[in-house]
Amino acid sequence: MGKGKSTKAPPKKPRAKLDTLFSCPFCNSSKSVSINFDRDMGRATAKCSQCAQKYESRCTPLTDAVDVYHDWLDSCEEANK
């Protein structure tokens, strides 16, 4: 008796990349906000290269740049209420 045919696993789809540069909520410059992580200190900093606005928040090993940016947007909305 012979072996059955071996089937190959289908190739995995590549994951979509998340943005790392964002628009500034103050000066509306596109792709001017960058996020820097200091994971040893548990701190993340979002800074606009055009108007120099900064936002700092706590981060965990699972925190991504998108999370910090949206936290900044949420805090701006809370301040405007």
Side-chain angles (χ1 to χ4, degrees):
M1 297 185 101
K3 286 178 145 183
K5 288 187 178 181
S6 63
T7 59
K8 292 183 180 178
K12 293 184 179 180
K13 295 180 183 177
R15 291 174 50 189
K17 300 281 183 181
L18 295 175
D19 288 337
T20 56
L21 296 174
F22 305 97
S23 298
C24 179
F26 294 98
C27 67
N28 292 325
S29 296
S30 64
K31 298 193 183 256
S32 63
V33 174
S34 61
I35 312 295
N36 294 321
F37 290 99
D38 185 2
R39 297 209 189 264
D40 295 334
M41 298 294 287
R43 189 178 314 154
T45 305
K47 184 176 180 183
C48 177
S49 62
Q50 299 296 317
C51 67
Q53 287 289 329
K54 285 179 19 177
Y55 174 76
E56 288 189 5
S57 68
R58 289 187 287 156
C59 70
T60 65
L62 298 177
T63 304
D64 204 4
V66 175
D67 300 324
V68 176
Y69 179 68
H70 284 285
D71 287 345
W72 189 14
L73 293 180
D74 291 343
S75 68
C76 288
E77 286 179 7
E78 282 293 319
N80 287 335
K81 284 186 180 180

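Not measured: the values here are computed from a predicted model. Sequential numbering from 1 along the given sequence is applied to the chain's residues.
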Quiz item: Can any side-chain N or O of Arg39 pair as donor or acceptor with the backbone N or O of Thr60 at less than 3.5 Å?
Solution: yes
Practice problem: With the side chain counted from C-beta on, respond yes when Cys48 and Cys27 share a heavy-atom pair under 4.5 Å apart, and no when they do not. | Solution: yes
Exercise. Please tell me if the side chains of Val68 and Phe37 come closer than 4.5 Å, counting only heavy atoms from C-beta onward.
Key: yes
Quiz item: Is Arg58 atom CZ crowded by more than 12 heavy atoms from other residues, nucleotides or ligands, each under 6.0 Å away?
Solution: no
Self-check item: Ser29 and Phe22, any side-chain heavy atoms less than 4.5 Å apart
Solution: no
Practice problem: Dump the intermediate steps for side-chain contact (heavy atoms from CB on, under 4.5 Å) on Leu21 and Asp19, then the final yes or no. | Solution: CA-CA 6 Å; Leu21 296 174; Asp19 288 337; over 6 Å; no
Quiz prompt | Separation of Ser75 OG from Glu56 CD (nearest 0.5 Å) | solution = 12.0 Å
Self-check item: Side-chain heavy-atom pair Thr20, Ser34 within 4.5 angstrom cut-off
Solution: no
Quiz item: How far does CG of Asn36 sit from NZ of Lys54, to the nearest 0.5 angstrom?
Solution: 10.0 Å
Quiz prompt | Contacts of type side-chain hydrogen bond (donor to acceptor under 3.5 Å, both in side chains), residue Ser32, not counting sequence neighbours | solution = none
Quiz item: Under 4.5 Å between side-chain heavy atoms, hopping through other hydrophobics if needed: is there a path connecting Leu73 to Tyr55?
Solution: yes
Quiz item: Atom OG of Ser23 and atom OH of Tyr69: how far apart are they, to the nearest 0.5 Å?
Solution: 5.0 Å
Self-check item: Closest heavy-atom pair and its distance - Cys24, Val33
Solution: CA-CG2, 3.6 Å
Practice problem: Keeping to residues at least two apart or across chains, list the salt bridge (charged side-chain N to carboxylate O under 4.0 Å, His left out) pairs with something in residues 64-81. | Solution: Glu78-Lys81
Self-check item: Distance in Å, Gln53 CD paired with Cys76 SG, rounded so as to fall on 0.5 Å steps
Solution: 8.0 Å
